[in-house]
Amino acid sequence: MTDTEIITQRLYNQHISVPKFNTPQEVVTSMLAMQAQEYAMARWSIGLRLINAKDSDVEKAFNEGAILRTHVMRPTWHFVSPADIRWLLALTAPRVHAFNAYQYRKYGLDSHVFTKCNDIIIRQLEGRKHLTRTALNVALQQQGIITDTIGLSCIMMQAELDGIICSGPREGKQFTYALIDERVPHASPLSKEEALSEMAHRYFTSRGPATIQDFVWWSGLTMKEARVGVSNLAPYFIHKKVEGQEYIYAPINPEAVNHPNHSLLLPYYDEYGIAYKNRDALFLPKEKIVQNMGETFPFSRVIVLDGKIVGSWQCTIRNKSIEVEIAPYYEFSEHENSIINAAVQRFKNFIGDSDED
């Protein structure tokens with residue numbers, strides 16, 4: 001399996017090279033979870049995988065609760081679907097709590113304090129109210145819960161991980177919280193093995209070819225837990241050894257990955273990069289790079305050409321005017337420039353009237 005085969009199949013399975021969905025909720029459901037701490041760019045991550053999408057479509061889906069944003073898996077924000085949020089939290093919250101344990105102890109946040117905080121938050125939000133973190137912090141302070149920004153973040157994340165709150169609609173540019181029980185339909189719980197199996201199936205379907213080490217990195221699971229999920233994959237999944245690594249993926253029609261040359265402006269933390277521990281297949285040979293690559297991928301905005309990272313980009317939005325600046329890692333040909341310009345225009349078409357960059 002060559003780098004070209006790996007990245008071509010990943011681009012297809014992640015619905016980047018051949019978008020097939022019309023709604024943000026279809027994308028998020030297919031991907032299971034999408035990293036989303038950089039909210040404006042996370043919307044573009046969804047837009048990349050949609051047919052003729054607009055930024056306003058993603059914002060509308062978020063505000064209506066068709067997609068949700070919460071802390072799950074690795075302790076960071078992710079978009080998830082309402083149908084998946086409960087079992088995902090039940091599966092991954094213990095690992096995130098373990099990761100946060102030091103901060104909990106540092107700020108004196110024990111089970112007694114968390115219970116008191118949760119009760120206050122529930123009383124403030126019940127009745128389908130949506131409140132900002134600032135408003136909830138005022139209510140906590142009035143009941144004697146005084147802490148700094150990090151301590152408050154721990155309190156709110158704990159309430160998310162315990163399945164009490166999730167994202168509500170935005171108030172202007174401010175995020176709000178809502179009660180999960182009032183925003184998400186109830187669903188039958190999954191056993192731990194069922195949840196591990198479902199997560200493995202969805203990961204290797206949407207992100208294969210990938211290794212079990214990639215799956216552990218992305219999910220935050222232990223290797224033991226990951227192996228349980230992988231062992232329950234359907235027989236049609238392919239397990240292919242390449243230089244000591246076992247790549248796992250679902251078979252696809254070879255013609256499905258025969259796509260023309262393409263380019264895309266990849267946002268911060270996009271799943272095309274962040275979903276894998278090993279990202280070597282995405283990089284150009286060092287001898288071809290003549291410009292400074294800057295911030296380490298996948299934590300920067302990069303230009304992708306035929307699956308390979310060929311430069312970086314930034315955008316500025318002022319008075320609804322969108323300016324995109326690109327920084328190539330080598331001198332692009334006229335043909336490459338035309339393909340990249342098309343990617344820039346696609347991004348501009350997506351942003352439309354948005355004023356967030």
Side-chain angles (χ1 to χ4, degrees), residues 33-43 59 62-63 65 67-80 82 84-184 219-222 268-269 274 299 356:
M34 300 177 69
Q35 195 157 325
Q37 71 265 45
E38 295 283 345
Y39 179 69
M41 284 292 100
R43 298 199 306 267
E59 179 75 1
F62 177 76
N63 285 332
I67 59 175
L68 304 170
R69 183 171 175 261
T70 193
H71 284 90
V72 67
M73 302 192 306
R74 290 164 282 113
T76 190
W77 298 100
H78 282 79
F79 284 133
V80 296
D84 293 318
I85 189 171
R86 294 181 188 276
W87 70 263
L88 274 175
L89 285 171
L91 177 63
T92 65
R95 292 283 293 167
V96 182
H97 280 314
F99 185 92
N100 291 344
Y102 171 76
Q103 293 293 346
Y104 293 166
R105 292 193 299 271
K106 180 179 178 180
Y107 286 89
L109 300 172
D110 56 20
S111 60
H112 173 74
V113 174
F114 280 137
T115 297
K116 181 177 179 180
C117 291
N118 289 345
D119 288 343
I120 295 169
I121 291 169
I122 290 170
R123 288 198 300 272
Q124 292 296 310
L125 293 176
E126 60 189 355
R128 300 190 179 277
K129 292 194 288 288
H130 311 119
L131 296 176
T132 64
R133 179 177 297 203
T134 299
L136 289 170
N137 190 33
V138 170
L140 291 167
Q141 291 175 344
Q142 289 173 344
Q143 298 298 319
I145 306 296
I146 312 295
T147 187
D148 63 13
T149 301
I150 297 176
L152 179 61
S153 294
C154 289
I155 290 170
M156 301 309 296
M157 191 187 305
Q158 186 272 341
E160 289 176 302
L161 293 169
D162 282 1
I164 294 171
I165 59 174
C166 64
S167 58
R170 290 213 291 176
E171 291 183 0
K173 293 185 179 181
Q174 298 298 309
F175 293 99
T176 71
Y177 292 93
L179 294 178
I180 281 187
D181 284 346
E182 293 183 349
R183 194 158 175 82
V184 178
S219 65
L221 299 172
T222 66
Y268 295 122
Y269 306 108
I274 203 68
F299 310 112
E356 293 183 288

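By convention here, the first residue in the shown sequence is residue 1.
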- [ ] Taking the side chain as every heavy atom from C-beta outward, state whether Ile155 and Tyr107 have any pair of such atoms under 4.5 Å apart.
- [x] no
Task: Heavy-atom pair with the smallest gap, counting every atom of Cys154 and Gln103 - done: SG-CB, 3.7 Å
Open item on the list: Restricting to non-hydrogen atoms, name the atom on Asn100 and the atom on Met157 that form the minimum distance, rounded to 0.1 Å.
Closed with: ND2-SD, 3.1 Å
- [ ] Mind telling me whether Phe175 and Tyr39 have parallel, tilted or perpendicular rings, with 30° and 60° as the class edges?
- [x] perpendicular
- [ ] Over all heavy atoms of both residues, which pair between Leu131 and Ala135 is shortest? Give the atoms and the distance, please.
- [x] CB-CB, 4.2 Å
Open item on the list: I'd like to know whether Gln158 forms a side-chain contact (heavy atoms from CB on, under 4.5 Å) with Ile164, so could you lay out the CA-CA distance, the side-chain angles of the two residues, the decisive distance to 0.1 Å, and finally the verdict.
Closed with: CA-CA 9 Å; Gln158 186 272 341; Ile164 294 171; 5.5 Å; no
Task: Gap between atom CG of Leu91 and atom CG of Asp84 - 0.5 Å precision - done: 11.5 Å
Task: Heavy-atom check, side chain of Leu136 versus side chain of Met156, under 4.5 Å - done: yes
- [ ] Can you see which heavy atom on Ser219 is nearest to which on Met73, and at what distance?
- [x] O-CB, 3.5 Å
Open item on the list: Strictly distance-based, threshold 3.5 Å: is any side-chain N or O of Arg183 a donor or acceptor partner for the main-chain N or O of Ser167?
Closed with: yes
TODO: Measure the OG1-CD distance between Thr76 and Glu38 for me, rounded to the nearest 0.5 Å.
DONE: 9.0 Å
TODO: Indicate the atoms forming the closest heavy-atom contact of Val184 with Pro82, along with that distance.
DONE: CG1-O, 3.3 Å
Open item on the list: Taking the cut-offs as 6.0 angstrom to the six-membered ring centre and 45 degrees off its axis, would you call Arg43 and Phe62 a cation-pi pair?
Closed with: no
TODO: To the nearest 0.5 angstrom, please state how far the CD atom of Gln143 sits from the CD1 atom of Ile121.
DONE: 12.0 Å
Open item on the list: Walk me through whether Glu171 and Thr176 qualify under side-chain hydrogen bond (donor to acceptor under 3.5 Å, both in side chains).
Closed with: CA-CA 7 Å; Glu171 291 183 0; Thr176 71; 5.7 Å; no
- [ ] Check whether the side chains of Thr222 and Arg95 place a donor and an acceptor atom closer than 3.5 Å, and report yes or no.
- [x] no
TODO: Apply side-chain contact (heavy atoms from CB on, under 4.5 Å) to Val96 and Val72, showing your working.
DONE: CA-CA 8 Å; Val96 182; Val72 67; over 6 Å; no
TODO: Using the side-chain contact (heavy atoms from CB on, under 4.5 Å) rule, take Gln124 and Tyr177 through it: C-alpha gap first, then chi angles, then the decisive distance, then the call.
DONE: CA-CA 10 Å; Gln124 292 296 310; Tyr177 292 93; over 6 Å; no
- [ ] Report yes if the side chains of Ile67 and Val80 come closer than 4.5 Å at any heavy-atom pair, otherwise no.
- [x] no
Task: Minimum-distance pair of heavy atoms, taken over all atoms of Leu89 and His71 - done: CD2-O, 3.5 Å
TODO: Keeping the roles fixed (side chain from Asp110, backbone from His112), state whether a donor-acceptor pair exists under 3.5 Å.
DONE: yes
